[in-house]
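Working notes, structure below.
These values consider heavy atoms only, across backbone and side chains, with no hydrogens, waters or symmetry-generated copies. Computed from a predicted model, the values in this text were never measured in an experiment.
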Number of protein chains: 2
Amino acid sequence: MSRKNNKEFTSDPLPKLGITPYLELMDQTAPKETDRKSAHLGLLMVWLRDHVLDAMDVELSPLGITESKLDLLLLLTLHNGREPVTPSSLADRLGIRRASVTALLDWLEKRKWVSREQSERDRRMIHVSITPEGRELVHQALPVFWSTCASLVSDMTPEEQKAAEHILNKLNERIEKRLGVGR
Amino acid sequence: MSRKNNKEFTSDPLPKLGITPYLELMDQTAPKETDRKSAHLGLLMVWLRDHVLDAMDVELSPLGITESKLDLLLLLTLHNGREPVTPSSLADRLGIRRASVTALLDWLEKRKWVSREQSERDRRMIHVSITPEGRELVHQALPVFWSTCASLVSDMTPEEQKAAEHILNKLNERIEKRLGVGR
DNA sequence: CGAAAGTAATTAGATTATCTAACTAAAATC
DNA sequence: GATTTTAGTTAGATAATCTAATTACTTTCG
């Protein structure tokens, strides 16, 4: 009769709450009629956000990496020669603090996916690069990444996908402007 | 000449990377043409997710609460009498472990926003309820919540909003189904 | 009945991803 | 050459989670 042996469970687990009750709550508490529609839309976004990354990290976990760490590796992959990459530049581009980058690099370096080298020109600086093993990991992770992305929208019709893309682009533009994100 | 006094900054901070270079990377690495369009769309979602919650927590922070904690309070607010709310049921509905709920409740209880009471019928169980102060907080937080939601989409035309809502609902449905979320 | 099994909540200890503030060492400026 | 600025790291914190073990009840079943 028991389902999960010694693991935690309730006799008849309540379903995780969907978005509907929240919308009802909003109807009772949102100030104006006009606000409601856009709040509804915004709520959908917040809701989606909650679930989208879960899906991504679940797919990536067999590779032993999370999205935020993969992100740093992607940055190194995207970097085409020229100016070397420094922890500071990574921090700027990821929008996090240098101290946080140090932690990420420690983790990635321990696994031999990136390497650090002191700059000759300015000995305060560190040049960060991705190792061949790191590239290999990225090579494995990308298809997972893309197919997870794709699967999120796979049951939409082409027209819906087109509409969705237009809308999401617009949203993205808006949010990037708001947060001051560059190219 | 210095901009931020003793704070951390780079002489000319590289812009935080937008979505475009990632899309280019995908073009180089995604297997098939057909996958690309949907991957593009999915990537937009992942991207949005990254930024949406930031916006929300920034707005909520003056109230001294974060979205995930507010979520628990909303659950208690939504609860209309009947069966008492237990930590287990909260865990199920929030989709997290009971141990995590314990931590959230400790935090909320310390601030007098919720209270715990041992059940008479089954003395293993705890009944959780929101205090008047908790209700007051929710009362203040909700307008912030809704207006942040609304502001995310405020510069769309009505038609765009309509299209967006349709699309996001569809996405939401899909994701809820996938994760087994109930009403 | 009373022992064994099941359940609810908590505790202890860990992880991930962040943060701020203080520190070290090097470079630039005046 | 002393001061200031910068790059990176360290130290220590927080939030939101997790798993495993523990405690205290309740239920079940021989």
What is the distance from [atom1] of [X] to [atom2] of [N], rounded to the nearest Å?
{"X": "A/L72", "N": "C/dT16", "atom1": "CG", "atom2": "C1'", "answer": "15 Å"}
{"X": "B/L105", "N": "C/dA8", "atom1": "CG", "atom2": "C1'", "answer": "13 Å"}
{"X": "B/E83", "N": "C/dA8", "atom1": "CD", "atom2": "P", "answer": "13 Å"}

Handout entry: Contacting residues from residues 115-131 of chain A, given that a heavy atom lies under 4.0 angstrom of DNA chain D
Key =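 Those residues are A/R116, A/R124, A/M125, A/I126.
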
Handout entry: Residue pairs involving residues 130-152 of chain B (criterion salt bridge (charged side-chain N to carboxylate O under 4.0 Å, His left out); sequence neighbours excluded)
Key = none

Fill in the blank from the handout: So salt bridge (charged side-chain N to carboxylate O under 4.0 Å, His left out) across residues 123-132 of chain A, not counting sequence neighbours, yields A/D122-A/R124

Exercise for the section: Scan nucleotides 10-18 of chain D nucleotide by nucleotide, 5' to 3', and note B when protein non-hydrogen atoms come under 4.0 Å of the base, S if they reach only the sugar-phosphate, - if neither. Expected result: B----SSBB

Exercise for the section: May I ask you to decide whether A/D106 forms a salt bridge with A/R116, counting only side-chain N to carboxylate O separations under 4.0 Å? Expected result: yes

Problem - Any residue meeting side chain to side chain contact (heavy atoms under 4.5 Å, CB included) with B/L137, in chain and number order, not counting sequence neighbours - result: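 Expected list: B/L63, B/I65, B/L73, B/W113.
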
Handout entry: Test side chain to side chain donor-acceptor pair (under 3.5 Å) applied to A/E117 - qualifying residues, sequence neighbours left out
Key =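 By the side chain to side chain donor-acceptor pair (under 3.5 Å) rule, A/E117 matches no residue at all.
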
Counting N and O atoms only, with roles assigned by atom type, does the side chain of [X] sit under 3.5 Å from a partner on the main chain of [Y], one being a donor and the other an acceptor?
{"X": "B/T86", "Y": "B/H127", "value": "no"}
{"X": "A/D71", "Y": "A/L94", "value": "no"}
{"X": "B/H79", "Y": "B/E83", "value": "yes"}

